[in-house]
Amino acid sequence: MKETLLELLTQALSTLKSEGVIPQDHEVEIKLDATRDKAHGDYACNLAMILAKPARMAPRQLADRLIAALPDSPAVSKVEIAGPGFINFFAATAAAAQIIERVIESGERFGRSDFGQGESVQVEFVSANPTGPLHVGHGRGAVVGDCIARLLEATGHRVTREFYYNDAGAQITNLERSVSARIKGLEPSDPAWPEDGYRGDYIADIAHAYRQGETVVADDRRVTAKADPEDREAIREFAVAYLRREQDLDLKAFDVPFDVYFLESSLYSEGKVAATVERLIEGGHTFEADGALWLRTTDFGDDKDRVMRKRDGDYTYFVPDVAYHLDKWRRGFTTVIDEQGADHHSTVTRVRAGLQALGVGIPAGWPEYVLHQMVTVMRGGEEVKLSKRAGSYVTLRDLIDEVGRDATRYFLVARRVDSQLTFDIDLARAQSNDNPVYYLQYAHARLCSVLKRAETQGTPFDQALGLANLGLLEDPREKDLLNRLAAFPEQVARAAKSREPHQIAQYLQELAAEFHTCYNAVKVMVDEPDMRNARLALALAVRQVLRNGLGLLGLDAPEEM
RNA sequence: GCGCCCAUAGCUCAACCGGAUAGAGCAACGGCCUUCUAAGCCGUAGGUUGCAGGUUCGAGUCCUGCUGGGCGUGCCA
């Protein structure tokens with residue numbers, strides 16, 4: 001429908017150009033929007049207002065000329081000029097309803113597109129260090145990154161999902177010391193407890209498992225405990241594997257898969273950090289001062305220069321980050337999206353500056369970042385402070401257990417990433433029976449139910465008959481649904497381009513609301529076969545789009561509730 | 001101090017490249033189950049889009065300045 005209208009407008013535009021009403025060389029992109037208010041028809045175009053100036057004509061007068069130049073089409077039932085010069089199109093029912101046929105034909109592919117043209121894209125997300133369980137903030141990153149990956153896959157990109165973590169630095173030493181202390185029977189309250197050690201109970205669990213000689217299997221490693229309380233290397237290795245396994249279990253329960261686990265230690269062991277440093281020095285953007293090696297990041301927009309190699313000879317964290325991103329670039333990812341918490345936003349300028357300083361032709365704005373704002377957790381009317389060391393903690397697993405996977409995913413992805421988010425656990429649990437996600441799933445279950453009823457009632461859906469009678473779907477509530485269905489593919493494309501999965505959540509709420517309204521007012525299983533089958537065709541199409549949309553968010557589409 | 005993000009109904013949030021009368025949910029109030037799932041629907045009420053300017057046919061959206069909140073500003077990650 002929209003394509004048809006765009007075609008008509010393009011023709012009208014070229015007619016006016018050839019008549020000299022609009023300058024021949026004036027390029028304009030025709031914008032056609034679904035209307036918000038149905039008094040304005042189905043689609044509205046602001047072309048006349050945009051072209052008023054170059055045409056030196058009043059917008060409404062120009063709109064008149066445009067309409068006069070529109071070729072006749074059976075798809076359009078009415079065209080009006082409204083307001084300051086909008087051209088409003090009213091779609092003929094039968095033409096609008098053709099979307100149903102397209103949805104049914106395309107099935108689960110409806111909404112997908114190939115504008116990505118097979119581009120190789122990497123989404124790096126979560127990237128939690130193995131020093132503790134995943135918390136709510138990681139959960140937000142996990143869903144957002146996962147849904148961005150799903151959106152990119154649905155739009156023709158080849159997506160690699162990657163998890164990066166530090167398995168060797170000072171934090172890991174701290175982890176080992178904490179576990180060692182627990183193995184020796186120390187508690188965080190003990191005077192001999194390591195300074196800044198991790199105090200959470202999970203440390204004791206690791207110590208216990210180590211002493212028992214347990215074997216842990218994570219997605220990227222498998223380690224059997226030596227049980228030797230003095231072997232610090234063995235303890236370190238075991239603790240990392242143990243926490244990796246815990247994180248993997250959480251992510252699996254959350255339905256968030258990864259393709260690649262990338263170890264920070266590999267950047268050192270494979271000489272990539274050293275090579276990066278060498279290259280940076282050759283590039284001429286480094287200098288030595290105060291016994292340290294610095295990178296002149298101010299050459300690339302940073303507000304001060306940064307230390308690369310500390311006086312003690314260790315590198316600061318951003319050096320391996322630069323080495324890591326150079327590695328990503330060399331792996332051929334033309335687009336890399338790093339999903340992180342906004343508390344890490346200072347790294348953005350540094351990593352990009354480092355990559356520029358390498359002088360290997362990486363574009364200035366590369367990589368792309370999606371930064372989600374902080375999540376605060378409320379429980380019992382009070383904010384729960386997230387502190388790994390103090391061990392007061394709301395884990396992602398707690399949330400999934402208490403609130404449910406789908407509801408947790410939905411809560412964390414339904415909002416724009418740059419708004420701070422308060423996750424009230426009590427509220428989420430209390431509402432678990434009256435939750436926005438159930439609203440969507442219930443719509444799907446209702447549709448399944450009515451389609452099933454057609455079978456059990458002995459009047460199975462006759463698709464050919466239904467499609468032949470789509471012109472009968474004249475109820476305004478049915479037309480709303482048709483327009484909503486037609487908008488899905490561009491909605492998916494827009495959400496993918498802007499990396500904003502919350503748009504899909506929003507869309508589904510609107511689709512479900514329009515369905516519930518329609519379902520309540522318009523009976524599907526009427527006696528008259530033409531009408532019944534037309535409505536069943538609509539039901540099938542709505543169910544399909546609901547299912548496809550839920551899939552993009554990683555949510556179940558239950559057949560009954 | 002400087003940098004980034006945010007401010008929309010009582011609360012939690014939407015609003016597509018700047019479009020027409022700013023929309024949902026929760027909470028409040030009043031209705032709808034002898035008819036396809038009431039986890040639903042219909043209706044009422046609720047707003048100077050933080051404040052002040054500017055840009056233009058048109059601003060919640062863009063620009064400037066303020067106020068308030070979050071994060072960052074390590075030779076921590």
Side-chain angles (χ1 to χ4, degrees), chain A residues 29 31 33-37 39-40 44 46 49-50 52-53 58-59 82-86 88 127 129 131 166 169-171 264 289-294 302-304 306-318 320-321 341-349 371-374 376 411 414-422 424 427 431-443 445-454 457 487 490-491 494-495 497-498 500 502-503 505-507 509-510 512-513 515-526 532 535-536 539 560-561:
Chain A
E29 187 196 349
K31 201 178 137 188
D33 287 322
T35 55
R36 217 178 299 187
D37 183 342
H40 301 141
N46 64 356
M49 291 184 294
I50 289 171
K53 220 171 250 179
F86 288 101
N88 292 337
S127 294
N129 285 336
T131 52
N166 177 342
Q171 292 179 87
E264 184 180 359
D290 304 326
L293 180 66
W294 297 66
D302 203 352
D303 50 9
K304 59 166 106 162
R306 306 290 169 178
V307 170
M308 293 169 57
R309 191 172 56 219
K310 300 184 278 185
R311 252 186 302 234
D312 66 12
D314 285 347
Y315 292 107
T316 57
Y317 70 90
F318 93 93
D321 272 1
D343 53 342
H344 287 148
H345 79 246
S346 63
T347 194
V348 174
T349 311
L371 303 177
H372 64 261
Q373 291 294 322
M374 302 292 89
T376 52
F411 265 84
R415 296 161 159 78
R416 280 167 52 218
V417 290
D418 44 18
S419 74
Q420 293 162 34
L421 159 49
T422 304
D424 187 328
L427 191 68
Q431 285 188 345
S432 65
N433 229 22
D434 188 24
N435 201 293
V437 72
Y438 295 135
Y439 184 79
L440 308 179
Q441 295 180 323
Y442 180 52
R446 273 183 141 180
L447 284 157
C448 289
S449 171
V450 73
L451 287 158
K452 206 173 295 168
R453 173 167 284 264
Q457 196 173 284
E490 48 184 308
Q491 177 62 80
R494 195 165 66 234
K497 282 177 188 159
S498 57
E500 290 186 347
H502 82 274
Q503 289 183 13
Q506 192 70 22
Y507 171 88
Q509 282 296 328
E510 284 158 4
F515 160 70
H516 284 306
T517 295
C518 187
Y519 188 79
N520 210 261
V522 181
K523 190 171 161 87
V524 175
M525 294 303 292
V526 292
R532 183 179 66 242
R535 287 180 178 159
L536 282 168
E560 51 189 38
M561 294 183 73

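In what follows, every heavy atom counts, from backbone to side chain, and hydrogens, waters and symmetry copies are set aside. Each chain gets a letter, A, B and so on, in the order its sequence line appears, and its residues count up from 1.
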Take atom P in B:G10 and the same atom in B:G72, then report the distance between them in whole Å.
31 Å
Roughly, in whole Å, what's the span from NE2 in A:H345 to P in B:C4?
9 Å
Donor-acceptor pair under 3.5 Å: do we get one between A:D303's side chain and the base of B:G3?
no
Considering every strand and a 4.0 Å limit on heavy-atom distances, what is the contact class for A:A445: base, sugar-phosphate, or nothing?
base
With C1' as the reference atom in both, quote the distance from B:G68 to B:G19 in angstrom, rounded to an integer.
31 Å
At 4.0 Å (heavy atoms only), tell me whether A:A443 reaches a base, stays on the sugar-phosphate, or touches nothing.
nothing
Could you tell me the separation between the NZ atom of A:K523 and the C1' atom of B:U34, rounded to a whole number of Å?
12 Å
Roughly, in whole Å, what's the span from CD in A:Q506 to P in B:A22?
18 Å
Measuring from the side chain of A:S419 (C-beta onward, heavy atoms only), which nucleotide among B:C71, B:C13, B:G19 has the closest atom?
B:C13
Once you round it to whole Å, what is the distance between C1' of B:C17 and CG of A:D33?
9 Å
At under 4.0 Å between heavy atoms, what does A:Q509 touch on the DNA or RNA strands: base, sugar-phosphate, or nothing?
nothing
Base, sugar-phosphate, or nothing: which does A:L371 touch, judged by heavy atoms less than 4.0 Å apart?
nothing
Within this structure, what is the CE-to-P distance between A:M525 and B:U35, rounded to whole angstrom?
16 Å
Integer angstrom distance from the P of B:C13 to that of B:C6:
14 Å
Non-hydrogen side-chain atoms of A:T316 and A:R306 separated by less than 4.5 Å:
no
Side-chain heavy atoms of A:V417 within contact of A:E500, under 4.5 Å:
no
Protein-nucleotide distance (A:M49, atom CE; B:C57, atom C1'), rounded to Å:
8 Å
Can you check whether A:T517 has a side-chain N or O nearer than 4.0 Å to OP1 or OP2 of B:C42?
yes
Contact class for A:N166 vs. all strands (heavy atom < 4.0 Å): base, sugar-phosphate, or nothing?
sugar-phosphate
Nucleotide B:C33, atom P - distance to OH of A:Y519 in whole Å
17 Å
Checking all strands, does A:E510 fall into the base, sugar-phosphate, or nothing category for heavy-atom contacts under 4.0 angstrom?
nothing
Over 12 foreign heavy atoms within 6.0 Å of NZ, A:K452
yes
If only side-chain N and O atoms of A:R415 are considered, is one of them under 4.0 Å from the OP1 or OP2 phosphate oxygen of B:C13?
yes
Quickly work out the A:H40 NE2 to B:G19 C1' distance and round it to whole Å.
11 Å
Is A:V437 touching bases, backbone alone, or none of the nucleic acid, heavy atoms closer than 4.0 Å?
nothing
Using a cut-off of 4.0 Å on non-hydrogen atoms, how would the nucleic acid contact of A:A44 be classed: base, sugar-phosphate, or nothing?
base
Counting only side-chain nitrogens and oxygens, does A:H502 get under 4.0 Å of the OP1 or OP2 atom of B:A15?
yes
Determine the interatomic distance between P on B:U48 and the same-named atom on B:G23; round to the nearest Å.
15 Å
So which atom in A:H516 and which in A:R446 form the shortest heavy-atom distance, rounded to 0.1 Å?
ND1-NH1, 3.0 Å
Taking any heavy-atom pair under 4.0 Å as a contact, classify A:R36: base, sugar-phosphate, or nothing.
sugar-phosphate
5'-most contact on RNA chain B: A:A292 or A:I50, nearest heavy atom basis?
A:I50
B:A9 and B:G60: how far apart are their P atoms, nearest whole angstrom?
14 Å
Contact class for A:D302 vs. all strands (heavy atom < 4.0 Å): base, sugar-phosphate, or nothing?
nothing
Please determine if a side-chain N or O atom of A:R446 lies less than 4.0 Å away from the OP1 or OP2 oxygen of B:A38.
yes
Return no unless some side-chain N or O of A:Y439 is found under 4.0 Å from OP1 or OP2 of B:C41.
yes
N/O (side chain, A:K310) to phosphate O (OP1/OP2, B:C76) under 4.0 Å
yes
Between B:C17 and B:U21 - C1' atom distance, rounded Å:
23 Å
Would you classify A:T316 as touching base, sugar-phosphate or nothing, given that sugar-phosphate means primed atoms plus P, OP1 and OP2, and contacts are heavy atoms under 4.0 Å?
sugar-phosphate
Touch class at under 4.0 angstrom, heavy-atom based, for A:D418 against every strand present
sugar-phosphate
Is B:C41 paired to anything, Watson-Crick or G-U wobble with both distances less than 3.5 Å, and if yes, which nucleotide?
B:G31
Can you check the distance between B:G18 and B:C63, where both ends of the measurement are the P atom (answer in whole Å)?
11 Å
Rounded to whole angstrom, note down the C1' distance from B:A59 over to B:C4.
24 Å
Nearest of B:A77, B:G19, B:G70 to any side-chain atom of A:F86?
B:G19
When we call it a touch if two heavy atoms are under 4.0 Å apart, what does A:R453 touch: a base, just sugar-phosphate, or nothing?
sugar-phosphate
